[in-house]
A.B. asks: 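My questions all concern the structure below.
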Amino acid sequence: MKSIGVFTSGGDAPGMNAAIRAVVRTSISCRVKPFGVLHGYQGLIDGEIQEMNSHSVSNIIQRGGTILKSVRSMEFMTPEGRKKAFDNVSKFGLDGLVAIGGDGTFTGAKIFTEEYGIPFIGIPGTIDNDLYGTDYTIGYDTALNTVVQMVDKIRDTASSHNRLFFIEVMGKDAGFLALRSGISVGAEAILIPETSTYIDKLVDKLRNERKRHKTSLIIIVAEGDQSGGAFEVAARVKEQFNQYDTRVTVLGHVQRGGSPSAMDRVLASRLGSAAVKALLDGKKDVMVGVVNKEIAFTPFSRATKHHNKLNMDLLQLAELLAS
Ligand code: F6P
């Protein structure tokens, strides 16, 4: 293997730059030429491919976002788009590819490898932590800390005004970010897609809290919760229970930005380096992750089809501690 390409795809996540840096520098140390592909799969199609060197990744380990940019490419979903991508892979002489992204990224990688036989290694980069085959995805820890900082601030104002807040956090159709942030901020309730949401039960809980003279209430709502999101739950609760002045905050894309945490920088460095070594070892069609502290490889088909398992004990713990 003489040359490899690296790109980021899907929603960006803090720590992606640290992973790019690790891929580039490990390649150089193994005498492999690293190429950066801009704008994800779309850049493969459009030939936005350039050779990188050690200097190209200087001073980026601490930066959020991705220096290689990210796009969700519709054209790559078509056979014609993938053919153009393959023509560019051949033109630039890339012998293997490293994709940093989530579910959609690895689905694309799997199809491309099946069609053209190019070895692909995936690195899990998403704030959602929803991939099977790794305990944590790059960006999750940073996003979690961002949510906690934001909600702590909301708690201050909620206490000052005796208010009830519904706070919506990201996570697509998974509740990882919601669950751990909810525990960390001492939320009075956490609504996640993995469990059913009963408005009557929630209202009973809020009534009890009122009786106990709670001065502020924080309800964390995962964006993928079956209730339809924070605004919807707030409106439905209000129909039955109106004893608190209520506000809704949707945290939104603030959760995707910022300097990566030390945990994410270390994880990204390990996974970036392991991805290059895996390609050199002849591995393909796998996502590299960390399971029980060790590097582990999972076929794309398993990484994307099975969700990372949510720890239900944590939900029970959250309920116990909020009671
Ligand atoms: O997958 C990461 C994520 O931030 C999800 O949590 C969220 O549902 C989605 O991306 C938002 O995507 P976009 O940036 O396209 O609005």
A.B. asks: Check whether any side-chain heavy atom of Phe120 lies under 4.5 Å from a side-chain heavy atom of Phe106, and answer yes or no.
C.D. replies: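 No, side chains not in contact.
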A.B. asks: Go through the side-chain N and O atoms of Thr66 and Asp12 and say whether any donor and acceptor fall under 3.5 Å apart.
C.D. replies: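 No - no donor-acceptor pair under 3.5 Å links their side chains.
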A.B. asks: Is the shortest side-chain heavy-atom distance between Ser259 and Arg63 below 4.5 Å?
C.D. replies: no
A.B. asks: Test your reading of the model: is there a side-chain donor-acceptor pair from Arg256 to the backbone of Ala13, 3.5 Å cut-off?
C.D. replies: no
A.B. asks: Give a yes or no on whether a salt bridge exists between Arg207 and Glu188, defined as a side-chain N under 4.0 angstrom from a carboxylate O.
C.D. replies: no
A.B. asks: Honestly curious: do Met1 and Phe297 fall in one hydrophobic cluster under the side-chain, below-4.5 Å linking rule?
C.D. replies: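 Hydrophobic grouping puts Met1 with Phe297.
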A.B. asks: Is any side-chain heavy atom of Ser3 less than 4.5 Å from a side-chain heavy atom of Phe35?
C.D. replies: yes
A.B. asks: Looking at Val237, Leu206, Ile190, which hits side-chain contact (heavy atoms from CB on, under 4.5 Å) with Ile219?
C.D. replies: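 So the option named by the test is Leu206.
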A.B. asks: Any carboxylate oxygen within less than 4.0 angstrom of a Lys/Arg side-chain nitrogen, looking at Glu223 and Lys172?
C.D. replies: no
A.B. asks: Any idea which heavy atoms bring Ser227 and Val233 closest together, and the distance?
C.D. replies: OG-CG2, 3.2 Å
A.B. asks: Strictly below 4.0 Å, N to O, side chains only: are Asp95 and Lys2 in salt-bridge contact?
C.D. replies: no
A.B. asks: Between Arg236 and Glu232, is there a side-chain N and carboxylate O pair less than 4.0 Å apart?
C.D. replies: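 Not counted as a salt bridge, because no side-chain N and carboxylate O are separated by less than 4.0 Å.
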A.B. asks: Under a 4.0 Å threshold between the charged nitrogen and the carboxylate oxygen, would Glu80 count as salt-bridged to Lys84?
C.D. replies: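 Glu80 and Lys84: not salt-bridged.
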A.B. asks: Side chains of Leu202 and Thr197: does their closest heavy-atom pair fall under 4.5 Å?
C.D. replies: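 No, every pair of side-chain atoms sits at 4.5 Å or beyond.
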A.B. asks: Does Ile220 reach the side chain of Leu191, with side-chain heavy atoms less than 4.5 Å apart?
C.D. replies: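 Counting from C-beta outward, Ile220 and Leu191 never come under 4.5 Å.
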A.B. asks: Mind checking whether Lys283 and Ile121 have side chains closer than 4.5 Å, heavy atoms only?
C.D. replies: yes
A.B. asks: Does some side-chain heavy atom of Val71 sit less than 4.5 Å from a side-chain heavy atom of Tyr41?
C.D. replies: no
A.B. asks: Answer with yes or no whether the side chains of Arg21 and Ser269 bring together a donor and an acceptor at under 3.5 Å.
C.D. replies: no
A.B. asks: Would you call Thr298 and Val286 a side-chain contact if the rule is heavy atoms closer than 4.5 Å?
C.D. replies: no
A.B. asks: Salt bridge check, Lys83 against Asp87: does any charged N sit closer than 4.0 Å to a carboxylate O?
C.D. replies: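 A salt bridge is present here (some side-chain N lies under 4.0 Å from a carboxylate O).
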A.B. asks: Taking OH in Tyr116 as the centre, count heavy atoms belonging to other residues, nucleotides or ligands within less than 6.0 Å. Is the count above 12?
C.D. replies: yes
A.B. asks: Taking atom OH of Tyr132 as the centre, does the number of heavy atoms from other residues, nucleotides or ligands within less than 6.0 Å exceed 12?
C.D. replies: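 No, not enclosed.
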